Amino acid sequence: MERVYINKISEHVDKEITIKGWLYNIRSSGKLMFPEFRDGSGIIQGVVSKKEVSEKIWEDFAKLTQESSVIVKGKVTKHPKKENVYELQVTDLEIVQIAEEYPITPKEHGVEFLMDRRHLWLRSQRQVAIMRVRNEIVQSIREYFYKEGFTLFDTPIFTPNAVEGTSTLFSTDYFDLGKAYLSQSGQLYAESGAMALGKVYTFGPTFRAENSMTRRHITEFWMMEPEMAYYDIDDDMNLIEDFLEYVVQRVIVNCKSELETLERDITKLQNVKKPFPRVTYDEAIEILRKKDIPLIRKTANGEEEIRPFPWGEDFGAPHEEAIVEDYDKPVMVHRWPAEAKAFYMKRDPNDPKIALGVDVLAPEGFGEIIGGSQREDNLDLLVERIHEHKLPMEVFEWYLDLRRFGSVPHSGFGMGLERMVSWICNLEHIREAIPFARRPNRIRP
RNA sequence: UCGACGAUAGCUCAAUGGUGGAGCAUUCGGCUGUUAACCGAAGGGUUGCAGGUUCAAAUCCUGCUCGUCGAGCCA
């Protein structure tokens with residue numbers, strides 16, 4: 001009898017098939033049992049009638065516990081009451097293993113309990129759906145950049161230097177060479193790739209030692225960073241919106257049933273089509289002042305509210321929220337005060353106080369999913385910035401070579417995969433967007 | 001790091017300073033169309049840890065540990 005995956009079951013109606021999987025749940029009603037089987041591809045309800053099976057099979061079914069591994073044979077039939085739902089009229093059962101008492105019941109559990117058992121929690125329908133969406137996002141990212149002529153350019157995880165702030169680096173001993181740091185970003189290396197290959201992207205794990213306990217932060221996350229030679233900040237934004245539209249539209253088509261499982265309102269994602277609103281920092285300040293949203297600054301004896309919102313300050317969660325709430329698409333906030341931004345961003349030629357950076361804020365309060373910029377391509381200015389930020393020059397010598405040997409205007413951005421997954425799946429917390437989330441208070445399982 | 005809140009059965013939660021309960025899970029029994037099935041019965045507790053107040057503490061106080069949510073920082 002042919003072994004069939006549950007998601008292909010509709011192609012086998014009225015046929016005898018074999019399913020290899022696990023018992024998800026079982027209900028009984030006297031001489032009838034309704035076991036639900038899952039095999040990783042889906043879930044199907046079986047029907048076991050005491051009249052139709054041998055006494056041994058009937059008794060074996062009575063022994064089964066949740067998550068016991070089983071191989072079952074039977075005939076695929078249409079559900080008597082439900083459209084497009086199929087059942088398996090079970091004729092045979094082979095028990096692979098009787099599971100011990102399974103801790104995750106089909107009832108409610110607390111977050112800590114589930115995270116302690118993340119390796120088992122991943123079997124539940126909702127988590128399976130999230131992992132499928134994550135997979136689809138990754139696949140569509142790779143296909144987008146492949147079709148657009150980008151080359152995948154893998155960058156190292158062990159690095160000698162910081163890219164973002166030095167206080168957020170994880171360090172480790174590296175033989176006789178002292179400390180190595182876990183990469184916070186592949187960007188600097190990707191820039192060398194762009195000079196070699198024109199258009200590249202890097203996609204891998206990155207690490208930030210930020211003690212951030214919010215629904216948007218994990219210490220180990222996957223980042224996708226394209227880098228393009230001869231792109232300015234506006235080309236960068238054009239790419240961002242084309243890319244985001246492609247990924248989101250593809251996911252809502254290819255992950256229809258997963259998004260249904262997650263009860264995701266698809267209409268909000270269908271809006272994610274070019275063009276996206278582009279708001280300069282100056283315009284964003286106007287919005288904040290009009291809505292009377294103050295800057296909240298910590299002081300010795302508490303907090304003070306500063307209004308109107310002063311020019312030059314970075315935005316916090318309430319400010320992002322106020323800017324995004326008027327739109328139903330991702331919002332690109334660009335041309336930021338240079339002081340608030342990283343050393344490698346190019347200054348606006350018309351206004352040295354402005355950095356040519358862009359933050360993409362996802363709708364529905366999911367916050368920043370992309371940060372990008374045009375990079376400083378002038379050697380002298382870049383050296384000046386490295387001094388200003390008190391970064392160790394010797395470690396950036398190779399990076400400065402990119403400005404010595406055929407420097408060109410270039411741009412790129414970084415997208416946090418788990419934030420993208422959180423947004424598309426409408427997750428309450430980023431810890432569900434990756435199989436095993438790493439947070440300041442958790443490294444297990 | 002700061003702030004708010006919390007920790008009671010395997011899980012999710014109740015319990016006015018006065019004999020710690022329920023639902024689910026587990027075990028046993030019943031039920032031929034169940035859908036987080038249902039009905040009946042049973043077992044299951046050093047109330048996070050340490051100290052204090054009191055005739056009496058799950059409950060009030062202090063400290064600690066752990067967690068949740070929010071802020072900052074960021075993708």
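Residue numbers begin at 1 in each chain, while the letters A, B, ... track the order of the sequences. Note that the structure is predicted; figures quoted are calculated from it, not measured.
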In this structure, how many angstroms lie between the C1' atom of B:A75 and the CZ atom of A:Arg439, rounded? 15 Å

Does atom NZ (A:Lys341) have a neighbourhood of more than 12 heavy atoms from anything else shown, all under 6.0 Å? yes

Please state the P separation for the pair B:A42 and B:G23 - nearest whole angstrom. 11 Å

Rounded to whole angstrom, note down the C1' distance from B:G18 over to B:A4. 32 Å

Summarise how protein sits on nucleotides 4-15 of chain B as a single string, 5' to 3': B when a protein heavy atom is under 4.0 Å from the base, S for sugar-phosphate-only contact, - for no contact. -------SS---

Taking the P atom of each, how far is B:A75 from B:C13, in whole Å? 35 Å

Out of B:G67, B:G33, B:C73, whichever nucleotide has its closest atom nearest the side chain of A:His217: B:C73

How would you list, by chain and number, every residue that makes a side chain to side chain contact (heavy atoms under 4.5 Å, CB included) with A:Asp116, sequence neighbours excluded? A:Glu112, A:Arg442

On a whole-Å scale, what distance lies between the P atoms belonging to B:G52 and B:A58? 15 Å

For the P atoms, the ones on B:C11 and on B:G33, what distance do you get once it is rounded to whole angstrom? 36 Å

When you compare B:G43 with B:C55, how far apart are their C1' atoms, in angstrom units rounded to a whole number? 35 Å

Check whether any side-chain N or O of A:Asn441 sits under 4.0 Å from OP1 or OP2 of B:G67, and answer yes or no. yes

Do other residues, nucleotides or ligands put more than 12 heavy atoms under 6.0 Å from A:Glu325 CD? yes

Expressed as a whole number of Å, how far does the C1' atom of B:A22 sit from that of B:C61? 31 Å

Looking at B:G33, B:C73, B:C31, which one has an atom nearest to any side-chain atom of A:Lys31? B:C31

NZ/NE/NH1/NH2 to OD/OE distance under 4.0 Å, A:Arg335 and A:Asp282: no

Can you confirm if the aromatic rings of A:Phe396 and A:Phe343 lie within a centre distance of less than 6.0 Å? yes

For atom NZ of A:Lys291, decide whether the heavy atoms of other residues, nucleotides or ligands shown that lie under 6.0 angstrom number more than 12. yes

